Every structure is written in C-alpha cells, then in structure tokens.
Protein chains: 2
Amino acid sequence: MNLKPSKRQQIFEFLCDFQNQYGYPPTVREIASAVGLASPASVQVHLRSLERDGFIERDPNKPRALKLNQPTKLSQLSESVGEQSETVTIPILGRVAAGTGVVAFEDRDGDLVLSRDMVGNGDHFALKVRGDSMVEMGIFENDWVVARAQKVAEVGEVVICGIFGDEATVKILSKLGEEVELLPANKNYQPIRANHEEVSIFGKVVALVRSF
Amino acid sequence: MNLKPSKRQQIFEFLCDFQNQYGYPPTVREIASAVGLASPASVQVHLRSLERDGFIERDPNKPRALKLNQPTKLSQLSESVGEQSETVTIPILGRVAAGTGVVAFEDRDGDLVLSRDMVGNGDHFALKVRGDSMVEMGIFENDWVVARAQKVAEVGEVVICGIFGDEATVKILSKLGEEVELLPANKNYQPIRANHEEVSIFGKVVALVRSF
DNA sequence: AATATTTTCGAACATTTGTTTGTACTGCGA
DNA sequence: TCGCAGTACAAACAAATGTTCGAAAATATT
C-alpha cells in the first residue's frame, strides 16, 4: 500500500548517494533537479513521507538539516584495495658517515615511505638537499633525494658521495679512473676533480621527493 | 609553526561532534556560538584556514556545505607526534575530468604511496607532468605532482587546474578575481589569463616525486 | 615604544532555502 | 459523470545563511 517505488525511492537513494559523496545532505531543490521534479514543493511531499516512516529526520526551516537514519546500503563502491603495493621505509639521514664507503645509518631524522616499485631493490637512504648546486637538474634545496646504497656507480649517474671526508654531497659522476670528476648541475659551480682515493661513493640517486 | 590551538582546534572539534550527533554539518553561526565567537565573520577566517590545510572542504555560499576530511581524528591539529608513519595510497590519474570542479578519479594509472605527514590531510591525487612549463620551479617532464583535491587556492600557490575544459595543467596561481591569471615557471611561456568561469581548480600541489 | 600581524566584532547585503498557497493533472472507484 | 486522493507545478514569502567591509582590540614582532 505504501509502495511508492518511483519518486520516493529515487529520492531516498539520491539522499544516500549525495551524503556519501559530499559529506553533507542536499537541499530540497537539489533533490528536485536530481530526480526530475520541477518544484521544491513536489519534494516536500516525499520528504514528509520519508520522515513519517522514519527513514530520515529533519529540522524544519533549516537548510540541509536532514539526517539519514539508515546509512547507505550501497556504499563501499571501490574501496576494496585488492593487491597493496609493497612499501619501503627509507631512513632520512642527517649526515652520512664519512667512513670507508659504508653508509652508517646515523642521525636518523625520520623516515620516508615510498612504494617499492618507485625505488627498486636494495637498501636505501634519503638526504635533505643543501645548496643549489643541482638546480639545473631540478634538484632544489630542501628536497629529499633517495639513494640506493652502493659503493660503485657509472658515468652519468647521479650519486651521493663524500670528498675528502667532507659531508655527503650529490653530484653527477662524469669521469672514473685514477682521477674522478664530479659535475654540479649549475653553471655557477665548478666541476670537482679528485683522486680516486679521496672520493667515496655512498649511493646512487634513484628518486627525488619534494614537499611544498 | 601553524599552531593555533585555541579557536581553530575548538572549531574543528565542534565540527566533528556536530556532524557526529546530527548527521549534517553546522552553520557558521552555530559554530560561532558554540566556540564563543560573536560574529560569523570571525569564524570565516578559521574555516578558511582549515580548508587551506585540507581538514575540511567547502562549497561557497551554500549553507552547511562543509565536509570533514578526517572525521575521526582530532588530534592531528595540534602538530601530532605521528609515531607510526601512516601511509596514504594516492591514485595516479591519467586525466582529470573537466567537470564541475569535482575531481573524478578516472583512468587510474596506478598508485603512489607516501607517508601522511608528507602530504597532509585530505584527498589526494597524482599526475604525471607533461611539458616543461614549470622547469624553473624544478618540476620536470615525467615527474609526478601530488595534489590535494580542493576547489579553492590562494595566490602564489601551485595548483592543478583546467582551462576551457582542457586537460589538467599545473601552474602558479597569481591572480584571483573576475579574471584569473596562471603563471608558468618558464620564461619561454606566456602567462595565461582567463575568465573566472573558465578556470576550474582541481587541487593544490603539495608534493613532487621523481623517479630516476 | 612603535609597528606589523592576527583576531574579533558589528552591520549590512545578496543569496539560498524551506515552506506555503493555490491550481492543474492523473488515475480510480462509486 | 462526479468526487477523491495522490502527485506535480509555479509563484511568492519569510527566515536562515554565507559573505564582505571597515574598524576596534588583542597579540606578536621589531
């Protein structure tokens, strides 16, 4: 008897959808245009009906003051995660130990979490970039560079390395051999040449993360 | 730094409580009287602040059109400690629907996993950068930009937006008003000026990720 | 002390919105 | 045909509501 499948049902489903999507209830006019009614007065009838049967509660004269008593039954659209990508927790190093080429995880300043397919295999660490010697490669001050810990690299790769036991620095490896050459990516800086013994490579840059 | 414990915190907690209790969000004036502010204008500045930081989303000029982005957690406001780094799975969008300003998560091209403290609160999406119009900000082709979905932004912020229903683009928002101006970060490109109606903001860039 | 910056207030305004009223239109049974 | 109940419509109204503007007060900064 109280079966009004068409409009009443449409309205109730729209209420659920709207609340679900926007986080707040629609107005009478929004309902009207959504279900194909031309006048807000037409909606009133159905709202009263829905309230009488306990599906919703309303507060008179207040915009959007409408509460669903039977929260969505058609929720959980596509929140199913399925396969979750594996994540890697990468320590942020305050400084890199200038030892024998082995990266010591000292002064951990926190962590960076990335998906495994972003960085690949191996052990990783992250450094906050200081200075602007790599701006032409889009590596800015205060960015984080993520490096895979490795003691060797090839020409042309971006590496984290220490020179003369100095603090770690990020540069482009440009020549290998008896003499090693490191290139900045900034015309205002000079290339660095040093003896093979004086340069230790800590890792190869595999990713960059910037937070605004 | 962004610590405004008193009123801002009160307002956010009231929003949670109210939504929880009544099923719909409060009005600006209800907020005002609840937290002890005498003018609705006083509330506005805090709401704007909360929206800017991604805690809520609003629809201008609409009563109670206010969505909580994190209904449950109210501790986040006071510079939470964040022991275990919560991770966020961010969908990579192939394209952004040029609809009514609502970002439709179409053409999901995969996911990006970042720690919550990297991107902040709210709903996020990621786009692969095409072109070199933002190189001077260190945003290169094939980088991923991570944006928080929001329909408003402030001058000077980097935003994802669509113009004339074109594909989404990342630019610097430089002027608001009847005419909107969008700045590229590349001397070879011209600023874009368009009518307010023709530009829709999809989100604010909060992070950048590059994979080498 | 002097100066910015933030916060708050009051008032006014334009818009949105729920509601009411009166009027058609439809299907249905007596 | 005549009511009758349900539904839909347009117009109009009063109240609620978001927003803006200028100024005062409080707070932070120099």
Side-chain angles (χ1 to χ4, degrees), chain A residues 1-12 14-15 18-19 22-53 55-68, chain B residues 1-15 18-19 22-53 55-68 77 100-101 150-156 176-178 196-197:
Chain A
M1 168 182 295
N2 251 336
L3 267 192
K4 287 136 195 173
S6 181
K7 280 294 182 257
R8 199 175 111 135
Q9 181 87 17
Q10 277 184 53
I11 287 179
F12 184 73
F14 174 70
L15 291 182
F18 193 100
Q19 173 74 47
Y22 293 99
Y24 49 84
T27 67
V28 176
R29 284 171 176 83
E30 284 167 345
I31 300 172
S33 78
V35 301
L37 288 176
S39 171
S42 308
V43 181
Q44 292 276 16
V45 172
H46 297 286
L47 288 184
R48 262 193 279 266
S49 152
L50 284 169
E51 185 172 25
R52 167 170 48 78
D53 293 349
F55 289 101
I56 62 175
E57 291 176 38
R58 290 198 301 160
D59 227 338
N61 298 311
K62 290 189 169 183
R64 296 181 207 269
L66 188 153
K67 176 180 183 178
L68 292 224
Chain B
M1 174 185 292
N2 251 336
L3 267 192
K4 285 136 192 178
S6 184
K7 279 293 181 263
R8 200 176 111 132
Q9 176 95 18
Q10 277 184 53
I11 287 179
F12 186 74
E13 290 186 4
F14 174 71
L15 291 182
F18 194 101
Q19 172 74 46
Y22 294 100
Y24 49 83
T27 67
V28 176
R29 284 172 176 82
E30 284 168 343
I31 300 171
S33 78
V35 302
L37 288 176
S39 170
S42 308
V43 181
Q44 291 275 18
V45 55
H46 294 289
L47 289 183
R48 264 193 278 264
S49 151
L50 285 169
E51 184 175 25
R52 170 170 46 79
D53 294 347
F55 290 99
I56 63 176
E57 290 177 41
R58 291 197 302 160
D59 229 339
N61 297 311
K62 291 189 167 183
R64 296 181 206 269
L66 188 152
K67 175 180 183 180
L68 294 220
L77 266 184
T100 60
Q150 54 186 56
K151 298 189 280 294
V152 299
E154 295 175 18
V155 167
L176 276 172
E178 208 43 47
H196 169 266
E197 303 294 332

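So that the names make sense, note that chain A is the first sequence line, chain B the second, and so on, each numbered from 1. Side chains are part of it too, since the values below use all heavy atoms of this structure and drop only hydrogens, waters and symmetry mates. What you are looking at is a predicted structure, and each value in this text was computed from that prediction instead of being measured.
- Note that the CZ atom of R8(A) and the CG atom of L47(A) stand 10.5 Å from one another [nearest 0.5 Å].
- Distance CG/L50(B) to CG/L66(B): 8.5 Å, rounded to 0.5 Å.
- Contacts between residues 24-38 of chain A and DNA chain C, defined by a heavy-atom separation below 4.0 Å, involve T27(A), V28(A), R29(A), listed by number.
- For the atom pair CZ of R29(A) and OG of S39(A), the computed distance is 8.0 Å after rounding to the nearest 0.5 Å.
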### Paired and unpaired positions of DNA chain C as dot-bracket, Watson-Crick or G-U wobble under 3.5 Å, | denoting a partner strand
||||||||||||||||||||||||||||||
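- Distances shown here put every side-chain N or O of H46(B) at or beyond 4.0 Å from the OP1 or OP2 atom of dT6(C).
- If you take CG of D59(B) and C1' of dT17(D), they are 14 Å apart, rounded to a whole angstrom.
- The shortest distance between side-chain heavy atoms of R64(A) and K62(B) falls below 4.5 Å.
- Rounded to an integer number of Å, the gap from CD of Q10(A) to C1' of dA8(D) is 14 Å.
- For K62(B), whose side chain is taken as the heavy atoms from C-beta onward, the closest listed nucleotide among dC9(D), dT17(C), dT19(C) is dT17(C).
- For the pair Q44(A) CD and dT19(C) P, the interatomic distance rounds to 4 Å; values are reported in whole Å.
- R48(A) has no side-chain polar atom (N or O) that falls below the 4.0 Å cut-off from OP1 or OP2 of dT7(D).
- Between P25(A) and P25(B), some side-chain heavy-atom pair lies under the 4.5 Å cut-off.
- Across all strands shown, P63(B) has heavy atoms under 4.0 Å from sugar-phosphate atoms exclusively, and none from any base.
- Taking CD1 of I56(B) as the start and CZ of R48(B) as the end, the distance is 11.0 Å to the nearest 0.5 Å.
- Spacing between atom CG of N61(B) and atom P of dA16(D) amounts to 19 Å, rounded to whole angstrom units.
- Regarding contacts with the backbone of dA8(D), every side-chain N or O of S39(A) stays at 4.0 angstrom or more from both OP1 and OP2.
- Rounding to the nearest 0.5 Å gives a distance of 12.5 Å between CD of E51(B) and NZ of K67(B).
- Side-chain contact between H46(B) and V35(B): absent, with no pair of heavy atoms (C-beta onward) separated by less than 4.5 Å.
- Following rounding to the nearest Å, R64(A) (CZ) and dG18(C) (C1') show an atom-to-atom distance of 12 Å.
- The neighbour count for F14(B) CZ, taken as heavy atoms of other residues, nucleotides or ligands under 6.0 Å away, is above 12.
- Closest to the side chain of R58(B), out of dT7(C), dT19(C), dT19(D), is dT19(D).
- Nearest nucleotide to the P40(A) side chain, out of dT20(D), dT8(C), dT19(C): dT19(C).
- Of the candidate nucleotides dT20(D), dT21(C), dT8(C), dT8(C) has the atom nearest to the side chain of S42(B).
- Between I11(A) atom CD1 and dG18(C) atom P the separation is 13 Å, expressed in whole Å.
- If you take OH on Y24(A) and CG on D59(B), they are separated by 4.0 Å, rounding to the nearest 0.5 Å.
- With rounding to whole Å, R8(A) atom CZ is found 9 Å from dT7(D) atom P.
- Rounded to an integer number of Å, the gap from E57(B) CD to dG18(D) P is 17 Å.
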